[in-house]
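Report on the following structure.
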Amino acid sequence: MYALVDGNNFYVSCERVFRPSLNGRPVVVLSNNDGCAIARSNEAKDLGIKMAAPWFGIKHLEQEAGLVALSANFTLYGDMSDRMMSLAAGLGPTQEIYSIDESFIGLQGVRGDLMKRARTVRERILQWVGIPCCIGIAQTKTLAKLANHIAKTAERKPGSYPSELTQVCNLATLPAQDLEDVLRATEVGAVWGVGPRIDKQLQEEGVRTVLDLARLDPATIRRRWGVTLERTVRELQGQACIELDDAPGPKQQIACTRSFGKPMHELAPLIEAVSEFAGRAAEKLRSQKSLATELLVFMHTSPYRPGPQLSRSVVVPLRRPTDDTLALAQAAADGMRYMYVPGYRFIKAGVILVDLQSADVLQRELDLETPAEDEPKRNRSQLMGAMDAINGRYGKGTVHAASTGKVGPKRVWGMKQERRTPQYTTRLEDVPVARA
DNA sequence: TCTGGGGTCCTAGGACCC
DNA sequence: TCTGGGGTCCTAGGACCC
């Protein structure tokens with residue numbers, strides 16, 4: 001038995017905690033570069049704003065409908081997420097943090113009234129953290145996701161489902177006939193694992209509702225769509241195929257990619273940008289105690305704009321597996337120099353560290369390394385440790401590779417973030433002050 | 001006339017997730 | 001003027017092995 005705890009309109013809800021005046025108003029949170037909407041309040045959804053709608057296309061709603069748009073404040077959301085997750089963990093013995101705003105809870109061995117317990121956790125998260133959330137409960141993770149979807153929809157659109165399914169929805173205790181009705185009332189595209197592509201194919205086959213999908217034969221599904229969808233169907237039928245992963249391993253790849261505030265056509269700022277991206281990726285790499293053996297650099301022009309298009313990438317092999325910011329920044333800069341061609345307006349670039357391995361099992365080089373040659377390497381890793389400590393204490397980018405250029409909001413390739421809110425919970429200067 | 005069978009590893013691309 | 005970022009898993013096909 002599983003529960004899924006999921007924050008409602010999470011980023012918007014985080015902002016509302018510190019600006020209650022946003023309650024009841026249409027609010028969106030914009031992606032990096034203020035490009036498009038990545039979170040919407042219910043009021044914004046009611047205005048017809050779609051997920052990932054480009055900002056320039058909905059900006060007119062500021063004037064016409066009182067829409068409020070905020071730049072994404074991921075530092076704030078990450079901190080609020082930690083608080084919410086620690087309370088959600090109280091629902092059962094195991095927890096898988098699945099994304100910034102949702103976690104699965106394993107409910108094995110939980111006794112007593114599950115509904116009551118879930119409502120208590122929900123109330124506690126609302127009161128202590130300020131985030132409204134919904135909880136879905138069922139025999140499998142896919143059904144728990146579905147239950148959560150139903151709990152949310154029932155709350156947002158009264159009448160769409162029986163009212164007792166709002167906020168906390170337990171499909172496991174629903175009588176068979178009621179369960180069927182609920183599955184019949186839910187579109188197949190709402191199922192976890194059914195994306196736009198498969199949704200379209202299923203529709204063409206006449207599979208429109210979750211009930212239609214749940215009644216299909218798993219073997220047929222496997223032949224036509226593969227094991228992934230087969231698992232989904234079995235999970236809808238109550239057979240658990242996807243286990244709770246409460247101790248995920250280290251990441252297999254680490255990326256840092258950004259769109260620029262404006263197109264770049266010269267080499268120098270592109271080198272600065274990818275050097276910085278490599279440095280950020282290296283920090284993440286060190287924090288999970290991994291080493292990279294290869295680094296991929298890419299850049300491309302905007303597919304939305306007219307003019308010549310170009311997309312290039314290059315894999316830079318590293319001489320030995322490393323987590324060193326300077327080595328990775330150098331490799332990224334080399335890769336950029338290698339693939340750069342003048343005459344294009346590049347809108348995005350990035351660095352992806354691939355082929356990661358554990359820092360504990362570093363293979364040394366045969367016969368080439370004497371203790372004397374080890375010395376500078378040890379110094380280098382101490383340098384990285386010092387860098388991480390300083391940046392941890394005084395803020396990101398306090399010390400960085402010189403190749404990233406002068407850090408600051410003025411740099412030519414920097415992001416547009418015109419509507420950023422304060423880091424209420426993680427910067428002393430930004431902590432709200434209460435007046436008597 | 002006619003040329004095996006069984007396996008692993010790697011990669012690129014596609015699909016999905018939030 | 002203007003369209004995000006960071007991941008995962010699966011599959012097919014090719015290279016290679018004995």
Side-chain angles (χ1 to χ4, degrees), chain A residues 4-11 28-40 49-60 62 69 71-74 77-78 81 96-104 141-142 145 148-149 152 189-202 221-232 235 241-243 245 248-263 277 280-281 284-285 288 293-294 296 298 300-307 311 313 315 345 347-356 415-418:
Chain A
L4 180 76
V5 184
D6 189 333
N8 299 354
N9 313 329
F10 186 68
Y11 298 163
V28 293
V29 170
L30 301 176
S31 64
N32 276 336
N33 252 330
D34 294 345
C36 55
I38 55 173
R40 304 157 293 155
I49 297 173
K50 302 284 180 224
M51 188 61 179
W55 172 233
F56 68 84
I58 55 175
K59 193 171 192 303
H60 62 97
E62 266 186 314
S71 301
N73 185 346
F74 291 112
Y77 311 150
S81 171
E96 171 186 349
I97 295 176
Y98 178 69
S99 75
I100 193 162
D101 69 333
E102 54 189 304
S103 69
F104 287 101
K141 286 170 81 174
T142 303
K145 281 284 272 188
N148 188 277
H149 169 81
K152 277 206 163 96
V191 172
W192 188 42
V194 176
R197 204 68 175 247
I198 292 174
D199 185 21
K200 185 156 172 273
Q201 292 165 0
L202 287 171
I221 291 286
R222 183 182 198 132
R223 271 194 301 278
R224 167 85 199 266
W225 282 282
V227 291
T228 316
L229 194 64
E230 182 197 5
R231 273 200 285 262
T232 298
E235 286 240 321
C241 304
I242 308 172
E243 284 181 12
D245 184 7
K251 300 242 189 305
Q252 298 170 37
Q253 58 177 51
I254 290 175
C256 182
T257 72
R258 292 282 179 279
S259 297
F260 305 126
K262 57 182 181 187
F277 299 163
R280 293 236 186 253
K284 297 185 205 169
L285 191 65
Q288 69 162 32
T293 56
E294 284 181 340
L296 183 146
F298 74 85
H300 60 77
T301 51
S302 171
Y304 301 107
R305 295 181 186 220
S311 173
S313 71
V315 173
R345 293 156 58 82
I347 195 65
K348 181 170 180 174
V351 167
I352 305 175
L353 305 180
V354 286
D355 210 353
L356 307 188
M415 278 192 298
K416 206 160 62 182
Q417 281 203 312
E418 292 165 353

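Every chain is numbered from 1 and lettered A, B, ... according to where its sequence line falls, protein lines coming before strand lines. Here the structure is a predicted model, which is why all the values come from computation and not from measurement.
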| query | What nucleic acid atoms does A:Asn33 come within less than 4.0 Å of, heavy atoms only: base, sugar-phosphate, or nothing? | reply | nothing

| With A:Gln253, which residues qualify under side-chain contact (heavy atoms from CB on, under 4.5 Å), at least two apart? | A:Ile352, A:Val354

| request: For DNA chain B, note the earliest and the latest nucleotide, 5' to 3', having some atom under 4.0 Å of a heavy atom belonging to chain A. | output: B:dA15 to B:dC18

| field | Sugar-phosphate, base or nothing in reach of A:Lys59, heavy atoms under 4.0 Å | value | nothing

| query | Does CD in A:Glu243 sit with more than 12 non-hydrogen atoms of other residues, nucleotides or ligands closer than 6.0 Å? | reply | no

| request: For A:Arg197, look at atom CZ and say whether over 12 heavy atoms of other residues, nucleotides or ligands are found less than 6.0 Å away. | output: no

| field | Backbone N/O of A:Asp245 and side chain of A:Glu96: donor-acceptor pair under 3.5 Å | value | yes

| message | By the 4.0 Å heavy-atom rule, please label A:Tyr98 as base, sugar-phosphate, or nothing. | response | sugar-phosphate

| message | Please classify the nucleic acid contact of A:Ile100 as base, sugar-phosphate, or nothing, using heavy-atom distances under 4.0 Å. | response | nothing

| query | Under 4.0 angstrom, heavy atoms only, what part of the nucleic acid is A:Ile352 near: base, sugar-phosphate, or nothing? | reply | nothing

| Using a cut-off of 4.0 Å on non-hydrogen atoms, how would the nucleic acid contact of A:Val354 be classed: base, sugar-phosphate, or nothing? | nothing

| request: Could you tell me whether A:Gln253 contacts a base, only the sugar-phosphate backbone, or nothing, with contacts defined as non-hydrogen atoms closer than 4.0 Å? | output: base

| message | Taking B:dC2 as the reference, what is the distance to C:dC18 when you measure between their C1' atoms (whole Å, please)? | response | 24 Å

| task | Remember a base hit wins even if backbone is also touched, and classify A:Pro196 as base, sugar-phosphate or nothing at under 4.0 Å, heavy atoms. | result | sugar-phosphate

| remark: If one requires at least 3 consecutive Watson-Crick or G-U pairs with distances under 3.5 Å, the stems of DNA chain C turn out to be B:5-18 with C:5-18

| message | Taking any heavy-atom pair under 4.0 Å as a contact, classify A:Arg231: base, sugar-phosphate, or nothing. | response | sugar-phosphate

| Sugar-phosphate only, base, or nothing, as touched by A:Asp101 at under 4.0 Å among non-hydrogen atoms | sugar-phosphate

| said: Under 4.0 Å, counting only non-hydrogen atoms across every strand here, what does A:Lys145 touch: a base, just sugar-phosphate, or nothing? | reply: sugar-phosphate

| task | Verify side chain to side chain donor-acceptor pair (under 3.5 Å) between A:Trp192 and A:Glu235, making sure each step is shown before the conclusion. | result | CA-CA 10 Å; A:Trp192 188 42; A:Glu235 286 240 321; over 6 Å; no

